[in-house]
Amino acid sequence: MAGGAAEGRRVFVSTLPAGPGERRLALAVVFVSLAIFLSAAPFAKLPLGQVWAFIPIYQSALVVNDLITAVLLFGQFGFLRSRALLVLASGYLFTAFMAVSHMLTFPGLFGPTGLLGAGPQSTAWLFMFWHGGFPLCVIAYALLKNDKREIDGPAGRAGVAISSSIAAIVALVGGLTLLATAGQRALPAIMRGNQYTAVMLSVVSTTWVLSLLALVILWRRRPHAVLDLWLMVVMCAWVFDIALAAVLNGGRFDLGFYAGRIYGLLAASFVLMVLLLENGKLYARLVQSTAEAEAANRAKSDFLSRMSHELRTPLNGIIGFSQLLELDSLTPEQRESVEHIQKGGRHLLALINEVLDIARIEAGAISISLEPLPVIDVVRSALDLVRPQARGRRITLVDAVAGDDHVMADRQRLQQVLLNLLSNAVKYNRDDGRVEVSCARAGSGRIRLAIRDTGRGIAPGLLERLYTPFERLGADRSGVEGTGLGLALSRRLVEAMHGTLHVESTVGEGTTFAVELPPAVGRSALVAGTNGVPPSAATPKTFGTLLYIEDNPANLRLVERIVSYRPGLTLLTAVQGRRGLELARDHQPRVIVLDLHLPDLEGTEVLARLRGDPSTRDIPVVIVSADATPGQVTRLLAQGADAYLTKPLDVSQFLALLDRLFNRTATPSAGPT
């Protein structure tokens with residue numbers, strides 16, 4: 001995460017290292033400027049006409065340029081929190097405001113002596129303050145740019161720093177304007193009409209030296225970012241500006257006066273153009289990154305769907321046939337073998353489910369439905385599921401949850417988290433140990449569910465690796481089964497529900513995992529279902545025709561064996577979607593079981609045609625697929641499927657669903673067909 005943030009910072013011109021291309025371009029601009037300066041310098045005192053429109057046009061363009069530059073630099077400061085950027089942005093804001101004061105006080109432009117109570121010295125002194133203040137800001141920027149200290153804190157802190165800087169600049173410009181107008185008598189005379197006095201040389205030399213000093217300090221403060229490079233170009237232009245407009249020329253409205261101001265306008269444009277080009281490149285990168293992210297999300301969703309199907313399909317046969325074997329008369333040795341098959345298959349299924357869940361969370365594809373849940377109900381349900389495991393180790397389960405606390409959470413996901421934590425507390429406990437579940441209000445006002453065990457504990461040095469996928473902290477050598485994914489998945493699920501998962505452990509005493517969740521604003525009683533199919537009591541008195549559309553031979557054989565436990569059912573099968581549609585129209589089965597991946601038509605298309613045909617519109621359709629992605633389940637149910645079961649099939653659940661659907665569609669005279 002830190003690496004990604006550091007990489008993100010390097011896309012700004014203030015942090016991006018200057019490359020050979022930028023250096024050559026900047027050097028070329030400086031040489032062209034120098035050539036123009038050397039050509040104009042001998043003619044700097046050449047008198048020219050008084051073009052009054054030149055001043056407001058030049059000053060207005062300068063103000064707009066500097067204001068936009070300041071805004072862009074303040075924006076970069078808001079992200080990078082660099083003190084150097086804050087100072088430089090303030091410097092550009094200072095030049096913009098000073099240009100306004102300079103224009104308003106210019107004699108003869110808006111009034112004989114200018115506005116704001118200006119006198120004959122006001123405009124010249126404002127020019128000196130202006131051209132001396134900006135180099136000081138550049139010097140401060142150069143000295144601070146390698147300072148690693150930043151203005152930390154939330155976004156509001158950056159806003160306060162920017163507002164304070166703007167207020168300070170407004171006050172400074174106001175004070176200098178007041179000094180140059182109302183307090184002009186306290187300043188030495190540097191103008192006599194439109195000509196310079198002898199004092200002007202010493203005053204302007206100071207501003208010229210400051211610009212040269214800023215250039216030297218920038219050059220010496222390596223490494224150079226792209227922004228540093230173009231600031232050096234700006235300071236070169238300022239040196240030429242001051243030399244032509246206030247040193248080599250004789251006064252106002254000569255060639256040096258006009259040429260110097262053109263240099264000043266160009267200098268104001270250099271950094272702005274670089275910042276605008278940078279913003280264009282950043283926008284292009286953003287568009288490209290967004291498109292790549294969307295493509296990656298689509299690819300990841302497709303991958304999850306395909307992996308879910310490819311991994312679950314063979315498990316459907318393994319676990320399904322092993323369940324059927326359990327229903328037969330077996331010798332003790334055979335039953336033990338079947339139990340090993342089921343144990344291995346379910347372990348692999350749990351691993352697949354956890355990997356896919358983590359991938360879904362990362363892809364943003366996991367379905368979370370936050371609802372008010374009674375804590376006591378969810379905890380007791382999880383405890384009931386883990387009791388057989390605890391009984392085998394003689395571990396005491398203590399339910400210390402009392403009261404009527406409700407949390408905002410997803411029932412299925414919260415129970416998944418609690419079941420994983422309770423299962424770990426039992427697995428890694430000592431025989432005859434103890435697991436206690438408690439509930440209390442945390443200091444933040446959240447509901448804190450704590451699961452404490454009396455196991456061997458976790459060493460402090462291992463805690464940071466606790467949530468690493470496939471990391472079992474050496475438990476894989478202890479003979480305790482596990483995948484190393486449960487805690488990683490649990491933390492991500494808790495965070496997806498806007499909660500946190502904490503751990504405290506003492507070696508030799510035990511470990512406590514605490515889930516903190518926001519309290520519920522309202523309360524509602526919820527009924528849990530599985531894959532959209534509510535539980536129902538199984539009954540063997542089921543009659544009618546069942547159509548199964550599936551192209552996988554193993555899956556066909558499995559359903560044939562399952563249906564054999566309902567003697568009243570007649571099974572029709574089709575390995576192609578079109579053939580299945582024909583059988584549905586001709587035989588009018590009472591229930592259709594449909595796979596999604598067929599050789600000729602997609603299962604979604606078969607479902608759409610079944611629902612679009614008046615003769616098959618009302619036949620219940622059960623989707624059986626290895627694709628367990630929540631979006632797929634929701635989409636198919638919305639398109640008209642009556643239920644969605646994921647492979648591997650739970651035989652008892654499948655039989656119960658068939659019983660319910662056949663009984664729902666039965667008529668008083670219904671019998672075998």
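For Asn424, there are no side-chain hydrogen bond (donor to acceptor under 3.5 Å, both in side chains) partners, not counting sequence neighbours. Annotation: side-chain hydrogen bond (donor to acceptor under 3.5 Å, both in side chains) contacts of Glu605 (sequence neighbours excluded): Arg609. Shown here are the side-chain hydrogen bond (donor to acceptor under 3.5 Å, both in side chains) partners of Asn552, two or more places apart in sequence or in another chain: there are none. Remark: Asp551 engages no residue in a salt bridge (charged side-chain N to carboxylate O under 4.0 Å, His left out) (not counting sequence neighbours). Applying the salt bridge (charged side-chain N to carboxylate O under 4.0 Å, His left out) test to Asp399 and every residue at least two apart in sequence or in another chain returns Arg380. In this structure Glu582 satisfies the side-chain hydrogen bond (donor to acceptor under 3.5 Å, both in side chains) test together with Arg579, sequence neighbours excluded.
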Inset, instruction - Would you check, one step at a time, whether the test side-chain hydrogen bond (donor to acceptor under 3.5 Å, both in side chains) holds for Asp595 with Ser625? - result: CA-CA 6 Å; Asp595 182 60; Ser625 174; 4.9 Å; no

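Contact detail for Phe654 and Ile562: the closest heavy-atom pair is CD2-CG2, 3.7 Å. Scanning all heavy atoms of the two residues, the minimum distance from Leu594 to Gly603 falls at CD2-O, 3.4 Å. Looking at every heavy atom in both residues, Ala641 comes nearest to Leu607 through N-CD2, 4.0 Å.
Looking at Asp432 and Arg391, no side-chain N of the basic residue comes within less than 4.0 Å of a carboxylate O on the acidic one, giving no salt bridge.
Without hydrogens or angle criteria, Ser564 side chain to Arg561 main chain gives a donor-acceptor distance under 3.5 Å. In this structure, Gln334 contributes its side chain and Thr331 its backbone to a donor-acceptor pair below 3.5 Å. Remark: side-chain polar atoms of Asp600 are paired, donor with acceptor, to backbone N or O of Arg578 under 3.5 angstrom. Arg590 contributes a side-chain N or O that, together with a main-chain N or O of Phe662, makes up a donor-acceptor pair within less than 3.5 Å. Arg394 places no side-chain N or O within 3.5 Å of a backbone atom of Gly433 that could act as its donor or acceptor partner. Between the Arg452 side chain and the Gly510 main chain, no donor and acceptor come within less than 3.5 Å of each other. Ser505 places a side-chain N or O within donor-acceptor distance of the main-chain N or O of Ile458, the cut-off being under 3.5 Å.
Atom CD1 of Ile623 is separated from atom CD of Gln639 by 9.0 Å, given to the nearest 0.5 angstrom. Distance check: Leu610 CG to Arg617 CZ gives 11.5 Å after rounding to the nearest 0.5 Å. Atoms CD1 and CD, on Ile447 and Glu516 in that order, are 10.0 Å from each other to the nearest 0.5 Å. Annotation: the span from Ile376 atom CD1 to Asp404 atom CG amounts to 8.5 Å, rounded to 0.5 Å.
For Glu504, the CD atom is loosely surrounded, since the number of other residues' heavy atoms within 6.0 Å does not exceed 12.
For the residue pair Thr573 and Glu550, no side-chain donor N or O sits within less than 3.5 Å of a side-chain acceptor on the partner.
Counting heavy atoms from C-beta outward, Ser615 and Gln588 have side chains that approach closer than 4.5 Å. Gln653 has its side chain within reach of Leu645: a pair of non-hydrogen atoms, C-beta onward, lies under 4.5 Å apart.
For the side chain to side chain donor-acceptor pair (under 3.5 Å) test with Asn429, the passing option among Thr454, Thr511, Asp453 is Thr454; the others fail.
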